[in-house]
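Below: one structure, written as structure tokens.
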Amino acid sequence: KACLADLRGAVERQPDLSRDAARWITAAALRGDLPDEHFGSEPVFLDDEFCLVDQGIFTREQAHERVLSFLIQYGGEV
């Protein structure tokens, strides 16, 4: 939870870090560090948001907001 709070602070200060944050969250989920029982499947798909940005389906702002929303929900206060 502390790592997610730190990541939230970084993403809030530097929105351009959202994609890197999404990659880290997805990798952590695939390693089992963010168990489905608590986090659901959302962490596994956060990085996909940026693939949709690359395809012109989502905007970068939409993807950023999705990552930030996850970090707010699970990272708590900064």
Distance, nearest 0.5 Å, that separates [atom1] of [X] from [atom2] of [Y]:
X	Y	atom1	atom2	answer
Q62	S18	CD	OG	13.0 Å
W24	L34	CH2	CG	6.0 Å
I25	D33	CD1	CG	12.0 Å

Could you tell me if the side chain of P43 sits less than 4.5 Å from the side chain of Y74, heavy atoms only? no

Would you check if L7 and V67 make a side-chain contact, meaning some heavy-atom pair closer than 4.5 Å?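 No - every pair of side-chain heavy atoms lies 4.5 Å or more apart.
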
Ignoring hydrogens, what is the shortest heavy-atom contact between [X] and [Y]? Give both atom names and the distance.
X	Y	value
L17	A10	CD1-O, 3.9 Å
A63	E49	CB-CB, 3.9 Å
E12	L68	CG-CD1, 3.6 Å

If Ile, Leu, Val, Met, Phe, Trp and Tyr residues are connected whenever their side-chain heavy atoms lie under 4.5 Å apart, and connections chain through other members, are [X] and [Y] in the same group?
X	Y	value
F50	F45	no
F70	V44	no
F39	I72	yes

Audit row: V11, H64, side chain to side chain contact (heavy atoms under 4.5 Å, CB included) steps and yes/no: CA-CA 8 Å; V11 168; H64 166 75; 3.5 Å; yes

Under the side-chain hydrogen bond (donor to acceptor under 3.5 Å, both in side chains) definition, can you give me all pairs with a residue in residues 36-48, not counting sequence neighbours? E42-R66

If we ignore hydrogens and angles and just use 3.5 Å, is the side chain of S69 paired with the main-chain N or O of E65 as donor and acceptor? no

Judged by atom type as modelled, is there a donor-acceptor pair below 3.5 Å linking the side chain of T26 to the main-chain atoms of R23?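 No, T26 side chain to R23 backbone: no donor-acceptor pair under 3.5 Å.
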
